[in-house]
Amino acid sequence: MADISIRIQDGESGAFKQGITAGEALRELVSAKVRKQTVAVRVNGVAVDLSTPLKTDCVLEPVTADTEEGMDILRHSAAHVMALAVRRIFGDHVKVAIGPAIEDGFYYDFDREEPFTPDDFDRIEQTMAAIVEARIPFERREMRIGEAIEFFDRQGETYKVELLRDIETDTVSLYGLGEFVDLCRGPHLPDSSWLKAFKLLRVAGSYWRGDEKNPMLQRLYGTAFFDKKELRQHLHRLEEARKRDHRKLGRELALFTIQDHIGPGLILWQPRGALLRRLIEDYWKDEHYRHGYELLYTPHIARQDLWKTSGHLDFYAENMYSAMEIDEVKYQLKPMNCPFHIGVYKSHRHSYREFPIRWCELGTVYRYERTGALHGLMRVRGFTQDDAHIFCRPDQLDDEIYNILDLNLHILKTFGFDQYDVYLSTRPEKYVGSEDRWVMATEALKRALEKKGLEYRLDPGEGVFYGPKIDIKIKDQLGRSWQCSTIQVDFNLPERFEMTYTGEDGREHQPIMIHRALMGSLERFVGVMIEHYAGAFPLWLAPEQARILNITDDQLHYCEAVYAKLRKLGIRVEKDLRNEKLNYKIREAQLMKIPYMLIVGEREKEEGTITVRKRNGENLPAMTPQDFAERVHGECDEMMGGKR
RNA sequence: GCCGAUGUAGCUCAGCUGGUAGAGCAACUGAUUCGUAAUCAGUAGGUCACCGGUUCAAGUCCGGUCAUCGGCUCCA
């Protein structure tokens, strides 16, 4: 056989017999250290199994365990191992669907009459462990599509057959792991022994291909790592995330409550949560005013006719609550604020000189959400949007979008979010407005993103029917993304409501309308912040900035005086003067995540000072209440972007 | 809405195969006045989510409803 030349990307090269497997070639060309870490290989850029025979000259690149790709291969292989285990335990009563690697783990969808129970997890895990122990190789083979369809059809694997029918290539690859043969693109680990650390996490229902018209399958979720330590760390992270759960912290920190008898998805803000929210709102309003916005207030319901004109009854009806009748006229709760802002616009005539008009409102809207979708503050039925509508001339569009982006990122940063993913969504299949307007608006959005130096991803066809949009998904402390901000150009409503302005030429023109929300929903945003900060809000947002703790009753009077003084100086201070030990009070204040504890004993009383203990346990030297207040204001000013 | 799990005092949770509710913390009362993450003792607190059924007897079994949790779907 002829020799072929094989080169490692950025490394050694050599001549080998044709037909040598990639794994064998690597053994010659890379260090033992790399080899031990290698789970698959890229041949001329295409990821394949180590067992792949090499036929021509090529460049190899090992895929190692420490990469995302390596992890995906491990997890995808883990899904196969799980499927084999399920097969072995539950036999032919189970049909398999799909089993991909996902972020942080993998899943496999099964169709089985009986539900899986958490008790089954143990059995499945044990069987998986036995499979790992047995070091079963993953064996790849290729088949013609027709042959494969017949193969799976014989086994009654209807889902695989359905998948195959949609595949357009001539041949497909199958992977055998023991007696379980699965349709799969690969690549896989060489054998099951690599799966050293895995755990099944939960079972959940999911529709075949995510479509609710299809049968409901049972999805088993699991995760896998190359070693046990990483798995332990991951499980620990999950535990930490549970501790940050805003529903748990919301209760513990007395921020909000949701009650059955009031209704699901409806939030009651408790005093501390309400104060937090007020701080957010005040900052938001001030910042908007500073940036040339005017504040509006509009009602919660409007005549049904308004929603007809706006098109909401055509396009949004399923999210709206049914009509109520008032004096024989139908009214509906608002799912959006825009028609009202247009109402304000139409309250008088406008000249081109007035533009841009920037109106904002913290508008509470109501949208129907299916019960299964509700989730704490993150997904609710009544929520407050930090909404704004900008009306401008075409020549102002670029600047306005840029300014929105600028304000948007500035405010998010102040709240502690400076990591985000930006998406630009373009024209969907169903749309209104002329093509050149879409192009004009999409280009304007692009230019603003580029001018701002933001990297973005294109989301083709994901725009709203009335115009293109920019979405910003912020990343929290745990790296999870949350869709909050959205900037949407709208050609539809100005048309529907026949909005006009008088141009320089004395003629009537149609203004461009931009919708924009920055936090999206205040409820959700607070939820995200609770989890982002794990309940320990930065000083400027802490509902309780400081708590006075006395040592004995002898300081009661002095504490009251300090309390009054600090309140007067604008500090959000509370006092805990109960007859309890200092340790007890500190513990409680600590659990409430209060930034400063002000400790007052005889010493402080004598000297007219307080001892300041920070949330992190650090002590500051004793200072006067006056100095403390100045310090707090100084810190807050800094957090909010300089002296205000 | 769909699949699965869950629903016992304010919170966290016991309560085995049906015999008529229990702990810790919190609350309240009293004692203690104690300097950097829980002082001690006592008291009170529950139509066991709701509705119906089986049974001599149901927190415990069955059915329905509501809600919550994990997902699917949707999205701020």
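Proteins come first, then strands; the chains are lettered A, B, ... in the order of their sequence lines, and each starts at number 1.
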Trainee: Sugar-phosphate means primed atoms, P, OP1 and OP2; the rest is base. With that split, encode nucleotides 67-76 of chain B 5' to 3' as B, S or - using protein heavy atoms under 4.0 Å.
Mentor: SSSBBBBBBB

Trainee: What is the pairing partner of B/A38, taking Watson-Crick or G-U wobble pairs with both distances under 3.5 Å in any strand?
Mentor: none

Trainee: If we take the C1' atom in both B/U17 and B/C61, what is their distance in whole Å?
Mentor: 12 Å

Trainee: Parallel, tilted or perpendicular: which fits the ring planes of A/His288 and A/Tyr293, with parallel below 30° and perpendicular above 60°?
Mentor: perpendicular

Trainee: Tell me every residue that passes salt bridge (Lys or Arg N to Asp or Glu O under 4.0 Å) with A/Glu560, counting only those two or more places apart in sequence or in another chain.
Mentor: A/Lys575

Trainee: The criterion is side-chain contact (heavy atoms from CB on, under 4.5 Å); which residues satisfy it with A/Glu602, sequence neighbours excluded?
Mentor: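 Expected list: A/Asp554, A/Gln555, A/Lys605, A/Glu606.
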
Trainee: Between B/G71 and B/C13, how far apart are the two C1' atoms, rounded to whole Å?
Mentor: 26 Å

Trainee: Which residues pass the side-chain contact (heavy atoms from CB on, under 4.5 Å) test with A/Pro428, sequence neighbours left out?
Mentor: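 So A/Pro428 forms a side-chain contact (heavy atoms from CB on, under 4.5 Å) with A/Tyr431, A/Trp438.
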
Trainee: Between A/Glu588 and A/Arg578, does any side-chain N to carboxylate O distance fall below 4.0 Å?
Mentor: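 So A/Glu588 pairs with A/Arg578 through a salt bridge.
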
Trainee: Grab the CZ-C1' distance between A/Arg578 and B/U29 for me, whole Å please.
Mentor: 15 Å

Trainee: Counting only Watson-Crick pairs (N1-N3 plus N6-O4 or O6-N4) and G-U wobbles (N1-O2, O6-N3), all under 3.5 Å, who is the partner of B/C69?
Mentor: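 Per the H-bond distance test, B/G4.
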
Trainee: Tell which nucleotide pairs with B/G63, taking only Watson-Crick or G-U wobble pairs whose two distances are both under 3.5 angstrom.
Mentor: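 Paired with B/C51.
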
Trainee: May I ask you to establish whether A/Arg112 and A/Phe116 are in a cation-pi arrangement, using a distance under 6.0 Å from NZ or CZ to the six-membered ring centre and at most 45° from the ring axis?
Mentor: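 Yes, a cation-pi geometry holds between A/Arg112 and A/Phe116.
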
Trainee: Which residues satisfy the side chain to side chain donor-acceptor pair (under 3.5 Å) test with A/Gln419, sequence neighbours excluded?
Mentor: none

Trainee: Listed by chain and number, what are the side-chain contact (heavy atoms from CB on, under 4.5 Å) partners of A/Thr127, not counting sequence neighbours?
Mentor: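 A/Thr127 satisfies side-chain contact (heavy atoms from CB on, under 4.5 Å) with A/Ala85, A/Arg88, A/Ile89, A/Ile131 only.
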
Trainee: Which atom pairs link the protein and nucleotides 35-38 of chain B when you take only N or O atoms and keep those under 3.5 Å?
Mentor:
from, atom 1, to, atom 2, distance (Å)
B/G35, O6, A/Arg603, N, 3.3
B/G35, O6, A/Glu604, OE1, 3.4
B/G35, N1, A/Arg603, NH2, 3.4
B/G35, N1, A/Glu604, OE1, 3.0
B/G35, N1, A/Glu604, OE2, 3.2
B/G35, N2, A/Glu604, OE2, 3.0
B/U36, O2, A/Arg613, NE, 2.5
B/U36, N3, A/Asn619, OD1, 3.3
B/U36, N3, A/Asn619, ND2, 3.0
B/U36, O4, A/Asn619, ND2, 3.1
B/A38, N9, A/Arg587, NE, 3.4
B/A38, N7, A/Arg587, NE, 3.2
B/A38, N7, A/Arg587, NH1, 3.0
B/A38, N7, A/Arg587, NH2, 3.3
B/A38, N6, A/Arg587, NH2, 2.4
B/A38, N1, A/Arg587, NH2, 3.2

Trainee: Can you tell me the pairing partner of B/G18 across any strand shown, Watson-Crick or G-U wobble, with both distances under 3.5 angstrom?
Mentor: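 Paired with B/G18, as far as the under-3.5 Å criterion goes, is no nucleotide at all.
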
Trainee: Using the salt bridge (Lys or Arg N to Asp or Glu O under 4.0 Å) criterion, which residues pair with A/Arg209? Sequence neighbours excluded.
Mentor: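 Residues passing salt bridge (Lys or Arg N to Asp or Glu O under 4.0 Å) with A/Arg209: A/Glu162, A/Asp166.
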
Trainee: Scan every strand shown for a Watson-Crick or G-U wobble partner of B/G10, both distances under 3.5 Å, and answer none if you come up empty.
Mentor: B/C25

Trainee: Identify the nucleotide, in any strand shown, that forms a Watson-Crick or G-U wobble pair with B/U33, with both distances under 3.5 Å; if there is none, say none.
Mentor: none

Trainee: Please give the distance between the C1' atoms of B/G15 and B/G7 as a whole number of Å.
Mentor: 15 Å

Trainee: If I pick the C1' atom on B/U68 and the same atom on B/A49, what distance separates them, to the nearest angstrom?
Mentor: 10 Å

Trainee: With sequence neighbours left out, write down each residue that passes ring-ring contact (aromatic ring centres under 6.0 Å, His included) with A/Tyr321, or none if nothing qualifies.
Mentor: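 For A/Tyr321 there are no ring-ring contact (aromatic ring centres under 6.0 Å, His included) partners, ignoring immediate neighbours.
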
Trainee: Write down the distance separating the P atoms in B/G22 and B/G59, rounded off to the nearest Å.
Mentor: 14 Å

Trainee: When the P atoms of B/G30 and B/G53 are considered, how many whole Å apart are they?
Mentor: 48 Å

Trainee: Taking CD from A/Glu114 and C1' from B/C3, how many angstroms apart are they, rounded to a whole number?
Mentor: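 Between C1' of B/C3 and CD of A/Glu114: 14 Å.
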
Trainee: Take atom C1' in B/C25 and the same atom in B/U39, then report the distance between them in whole Å.
Mentor: 15 Å

Trainee: How are the rings of A/His312 and A/Tyr316 set to each other: parallel, tilted or perpendicular (split at 30° and 60°)?
Mentor: perpendicular

Trainee: Roughly how many Å is it from CD in A/Gln259 to P in B/A49, rounded to a whole number?
Mentor: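 Going from A/Gln259 (CD) to B/A49 (P), I get 17 Å.
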
Trainee: Applying side-chain contact (heavy atoms from CB on, under 4.5 Å), can you list everything that pairs with A/Ala536, at least two apart in sequence or on another chain?
Mentor: A/Lys593, A/Arg615

Trainee: Taking B/G63 as the reference, what is the distance to B/U54 when you measure between their C1' atoms (whole Å, please)?
Mentor: 11 Å

Trainee: Tell me the ring pair (Phe, Tyr, Trp, His ring centres under 6.0 Å) pairs involving residues 237-273 of chain A, sequence neighbours left out?
Mentor: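 Qualifying pairs: A/His246-A/His375.
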
Trainee: What's touching nucleotides 41-44 of chain B from the protein side, N or O pairs under 3.5 Å?
Mentor:
none

Trainee: With a 3.5 angstrom cut-off on both distances, give the Watson-Crick or G-U wobble partner of B/G46, or none if there isn't one.
Mentor: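 Its partner is none (no Watson-Crick or G-U wobble pair with both distances under 3.5 Å).
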
